[in-house]
Amino acid sequence: MAAGKTLQDKVAVVTGGASGIGRMTALTLAGEGARVTVADVNLEGAQSVAGEIQSMGSEGQAVETDVSRSSDVARMVDQTIAAYGKIDILVNDAAIAAGGALAELTEEEWDRVLAVNLKGPMLCCKAVVPHMLRQRSGVIVNLSSGSGFRPSGASLAYGCSKAAIAHLSRSLAHQLAPDNIRVNTVAPGLTDTPMTRKNWATAEELKKRAVSSNIQNPMGVVMEPQDPANAVLFLVSDAARYVTGQTLHVNAGSWLS
Ligand SMILES: NC(=O)c1ccc[n+]([C@@H]2O[C@H](COP(=O)([O-])OP(=O)(O)OC[C@H]3O[C@@H](n4cnc5c(N)ncnc54)[C@H](O)[C@@H]3O)[C@@H](O)[C@H]2O)c1
């Protein structure tokens with residue numbers, strides 16, 4: 001590994017690493033020298049990203065993981081420890097956007113969204129933190145969303161899960177600070193990924209959403225996955241060594257609109 005990379009000798013686990021922001025985060029951390037477990041329910045996608053990492057000359061492996069299942073999460077951790085010996089960085093990116101407003105939302109949709117988007121990150125933290133405690137260092141970044149901060153009934157379960165994950169970060173940040181474990185949140189605004197393309201199929205539709213809706217941003221842009229991935233990189237790096245319990249909004253100023 002070339003000298004001077006900011007995450008040299010670090011080991012990272014990125015859930016949801018097969019697609020979108022998670023994929024770009026896995027590639028970005030690997031580009032800075034981290035060895036990366038790409039954990040995703042989509043094994044084929046995770047293997048493809050692990051292949052991209054290897055073709056960059058870095059180390060990466062795919063582990064099929066449904067973050068809502070503790071047995072899968074245990075396997076994710078075991079396979080990371082078996083391959084790389086430790087875990088320094090956990091990025092909880094995996095999430096689903098399902099269910100609509102209160103009147104249409106089903107109990108099953110609520111349960112599934114909360115299971116993946118909130119219970120999943122909690123299970124991953126629960127399984128990874130003991131390894132961080134042993135080495136008295138570690139960094140966790142949880143992916144929230146502007147939807148967790150700006151109320152909109154349209155995607156109720158998703159918004160509630162994303163609000164709660166910021167509280168999960170703050171709670172764990174407070175508890176784990178004495179053990180030199182930092183926990184932060186990145187809250188992206190509208191970003192061009194397979195998740196958003198499900199609702200806004202073309203670049204034009206996405207752009208319209210970014211500039212003329214309740215989440216409009218004054219910079220008038222749709223972000224690329226690299227934008228939140230850069231925020232994750234900052235938060236897991238030593239440049240942020242005393243940053244914990246914070247939410248970094250990467251949203252082209254949508255709060256200002
Ligand atoms: N794209 C946006 O505009 C946007 C905005 C705000 C927040 N976010 C957040 O960023 C994160 C990434 O979103 P994205 O847009 O890249 O989505 P995406 O759909 O492109 O990627 C999500 C990944 O999570 C995986 N996944 C889903 N359920 C899983 C499970 N149970 N276990 C493991 N993996 C699972 C999927 O297979 C997929 O690879 C999410 O937490 C999302 O809520 C995205």
Side-chain angles (χ1 to χ4, degrees), residues 13-28 37-50 62-73 75-76 90-99 109 111-124 127 141-150 152 155 157-166 168-169 185-200 203 205-207 209-210 213 215-217 221-232 247-252 254-255:
V13 174
V14 181
T15 74
S19 172
I21 295 167
R23 168 182 168 272
M24 193 52 72
T25 299
L27 295 175
T28 300
T37 290
V38 182
D40 204 291
V41 74
N42 171 5
L43 178 61
E44 210 177 304
Q47 284 169 334
S48 161
V49 174
V63 179
E64 185 174 12
T65 312
D66 178 342
V67 294
S68 68
R69 299 167 62 97
S70 54
S71 54
D72 278 26
V73 170
R75 193 179 59 235
M76 172 188 89
L90 169 65
V91 181
N92 280 311
D93 169 275
I96 53 172
E109 285 169 334
D111 286 347
R112 187 65 193 148
V113 169
L114 271 289
V116 175
N117 296 11
L118 184 58
K119 184 175 110 174
M122 179 278 294
L123 289 176
C124 292
V141 176
N142 295 318
L143 269 290
S144 177
S145 163
S147 327
F149 295 84
R150 174 175 286 178
S152 145
S155 219
Y158 180 79
C160 289
S161 72
K162 292 298 175 181
I165 202 164
L168 178 76
S169 293
T185 302
V186 168
L190 194 68
T191 307
D192 190 354
T193 69
M195 181 186 273
T196 42
R197 286 296 182 123
K198 276 185 202 149
N199 289 328
W200 303 285
E205 286 175 67
L206 256 183
K207 181 74 187 275
R209 174 83 180 150
S213 70
I215 58 164
Q216 66 182 289
N217 67 69
V221 295
V222 178
M223 290 179 301
E224 297 297 326
Q226 188 70 65
D227 297 302
N230 287 342
V232 175
T247 298
L248 183 44
H249 292 274
V250 183
N251 62 12
S254 70
W255 297 119

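All values reported here derive from a predicted model rather than from experimental measurement. Order of appearance sets the numbers: ligands from 1, and atoms from 1 within every ligand. FYI, side chains are in, hydrogens and waters are out, and symmetry mates aren't considered; it's all heavy atoms of this structure.
In terms of the side chain to side chain donor-acceptor pair (under 3.5 Å) criterion, residue partners of Ser161 (sequence neighbours excluded) are, by chain and number, Asn117. Residues passing the side chain to side chain donor-acceptor pair (under 3.5 Å) test with Glu205, sequence neighbours excluded: Thr202.
Residues of the protein with a heavy atom under 4.0 Å from ligand 1 are Gly16, Ala18, Ser19, Gly20, Ile21, Asp40, Val41, Asn42, Thr65, Asp66, Val67, Asp93, Ala94, Ala95, Ile96, Arg112, Val116, Leu143, Ser144, Ser145, Tyr158, Lys162, Pro188, Gly189, Leu190, Thr191, Thr193, Pro194, Met195, Thr196, listed by chain and number.
Pairs passing the side chain to side chain donor-acceptor pair (under 3.5 Å) check and including a residue from residues 39-50, sequence neighbours excluded, do not occur.
Between Asp72 and Asp66, some side-chain heavy-atom pair lies under the 4.5 Å cut-off. Using a 4.5 Å heavy-atom cutoff, the side chains of Arg209 and Thr196 are not in contact.
Put simply, the side chain of Ser68 never gets that close to the backbone of Ala115: no donor and acceptor are under 3.5 Å apart.
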